Undergrad: 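My questions all concern the structure below.
Here the structure is a predicted model, which is why all the values come from computation and not from measurement. Letters A, B, ... are given to chains in the order of the sequence lines, protein chains preceding strands, and every chain is numbered from 1.
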Amino acid sequence: MTRNAAPRARRSRFGAPLPATFYDRPTEQVARDLLGTVLEHRTAEGIAAGRIVETEAYIGEHDLACHAAAGKTNRTAPLYGPPGIAYVYFIYGMYWCVNAVTRAEGEPSAVLIRAIEPVVGLDLMRARRPRARSEIELTNGPGKLCLALAIGRKENWSDLRRSSLVIRAGTPVRDRDVMVTPRIGVSRCADWPLRWLVRDNPWVSKTPRHFLASSG
DNA sequence: ATCCGGATCGCCT
DNA sequence: GGCGATCCGGATG
């Protein structure tokens, strides 16, 4: 029968790592196209990976919600680095969030990974997220997914093509399954439509009201 | 289902 | 000194 899904240690369970040229494009386009790709982190504990279902674009020094609005500092330096590296920042004295650095018109820009759908390493994620009361709560937020995948300070500046933290090609998401909304949790430029999400996916951090009608 | 405050600290004003 | 690209638990309707 179909016994070719060998559970043997396989270097890449999914597609190839996304090339640098993928990230070296307008940030909105990168944010859109990251939907459906797979974020994978290999550690001594094992492999944990998930399908990206929600992203946000932060575009340059003139986007006041973007950390680069503060200019180039020790903290924001990765945003000025090459497309395809990770920008991992510490927030609220407690949590980490991971971005993929892009390059929009030479501006320091990045895409925040806001939610993933767990695919590999569910037990590992549960162990790392003892407070999650459901599979959904494992990774339905930018801080949560970093806990589940053990992404932190060490992953800042990582090359997302060839480090322990990789983004691989996955199953593309059709346009009709993609929604765009304003970004979450920002007070400045709060109405800019720079958040992309997979419609009806349970792992999306905050489902837009417009699509809650089905439950009424 | 929704709202609110506390936790906790690095960074910019 | 004050505020975050957040999460969680408890209170409220």
Undergrad: Below the 4.0 Å mark, does B:dC12 have OP1 or OP2 next to a side-chain nitrogen or oxygen of A:Thr73?
TA: yes
Undergrad: Can a side chain N or O of A:Arg188 be found less than 4.0 Å away from OP1 or OP2 on C:dA5?
TA: no
Undergrad: Considering only side-chain heavy atoms of A:Met94, which listed nucleotide, C:dA5, B:dG10, B:dT8, is closest?
TA: B:dT8
Undergrad: Separation of A:Lys206 atom NZ from B:dA1 atom P, in whole Å?
TA: 15 Å
Undergrad: Which base sits across from C:dC7 as a Watson-Crick or G-U pair, both distances under 3.5 Å?
TA: B:dG6
Undergrad: Evaluate the side-chain hydrogen bond (donor to acceptor under 3.5 Å, both in side chains) criterion for residues A:Arg42 and A:Ser164: first the C-alpha distance (whole Å), next the side-chain angles of each, then the deciding distance (0.1 Å), finally the verdict.
TA: CA-CA 5 Å; A:Arg42 302 191 298 274; A:Ser164 65; over 6 Å; no
Undergrad: From C:dT6, C:dC7, C:dG4, pick the nucleotide closest to the side chain of A:Ser187?
TA: C:dG4
Undergrad: When A:Val98 is tested against each of A:Leu165, A:Leu160, A:Leu112 for side chain to side chain contact (heavy atoms under 4.5 Å, CB included), which residue passes?
TA: A:Leu165
Undergrad: Would you say a side-chain N or O of A:Arg195 is under 4.0 Å from OP1 or OP2 of C:dA5?
TA: no
Undergrad: If you only use heavy atoms from C-beta on, which nucleotide in B:dC11, B:dG10, C:dT6 is closest to the side chain of A:Phe90?
TA: B:dG10
Undergrad: So which nucleotide from B:dC9, C:dA5, C:dC7 ends up closest to the side chain of A:Cys66?
TA: C:dA5
Undergrad: Can you confirm whether A:Asp63 sits close enough to A:Arg183 that some side-chain heavy atom of one is under 4.5 Å from a side-chain heavy atom of the other?
TA: yes
Undergrad: Base, sugar-phosphate, or nothing for A:Arg183, non-hydrogen atoms under 4.0 angstrom?
TA: nothing
Undergrad: Suppose we define a pair by two distances each less than 3.5 Å, Watson-Crick or G-U wobble; what does C:dT12 pair with here?
TA: B:dA1
Undergrad: Just to confirm, is there a sub-4.0 Å distance from OP1 or OP2 of C:dG9 to any side-chain nitrogen or oxygen of A:Arg133?
TA: yes
Undergrad: May I ask you to say what A:Gly143 touches in the nucleic acid, namely base, sugar-phosphate or nothing, with a heavy-atom cut-off under 4.0 Å?
TA: sugar-phosphate
Undergrad: Ignoring the backbone of A:Lys144, work out which of B:dG10, C:dA5, C:dC8 is nearest its side chain.
TA: C:dC8
Undergrad: Rounded to the Å, how far apart are A:Leu64 CG and C:dC3 C1'?
TA: 15 Å
Undergrad: Hey, is A:Tyr92 stacking on C:dT6? Ring centres under 5.5 Å, planes under 30°.
TA: yes
Undergrad: Using a 4.0 Å heavy-atom cut-off, does A:Asn99 contact any base of the nucleic acid, only the sugar-phosphate backbone, or nothing at all?
TA: base
Undergrad: Counting any heavy atom closer than 4.0 Å, what does A:Arg129 reach on the DNA or RNA strands: base, sugar-phosphate only, or nothing?
TA: sugar-phosphate
Undergrad: Report yes if at least one side-chain N or O of A:Arg75 is closer than 4.0 Å to OP1 or OP2 of C:dG4; otherwise report no.
TA: no
Undergrad: Relative to the ring of A:Phe90, is the ring of A:Trp96 parallel (under 30°), tilted (30 to 60°) or perpendicular (over 60°)?
TA: tilted
Undergrad: Flag the pair A:Glu137 and A:Lys144 as a salt bridge only when some basic side-chain nitrogen lies within less than 4.0 angstrom of an acidic carboxylate oxygen.
TA: no
Undergrad: Judged by each residue's nearest nucleotide on DNA chain C, which is more toward the 5′ side, A:Ala132 or A:Tyr87?
TA: A:Tyr87
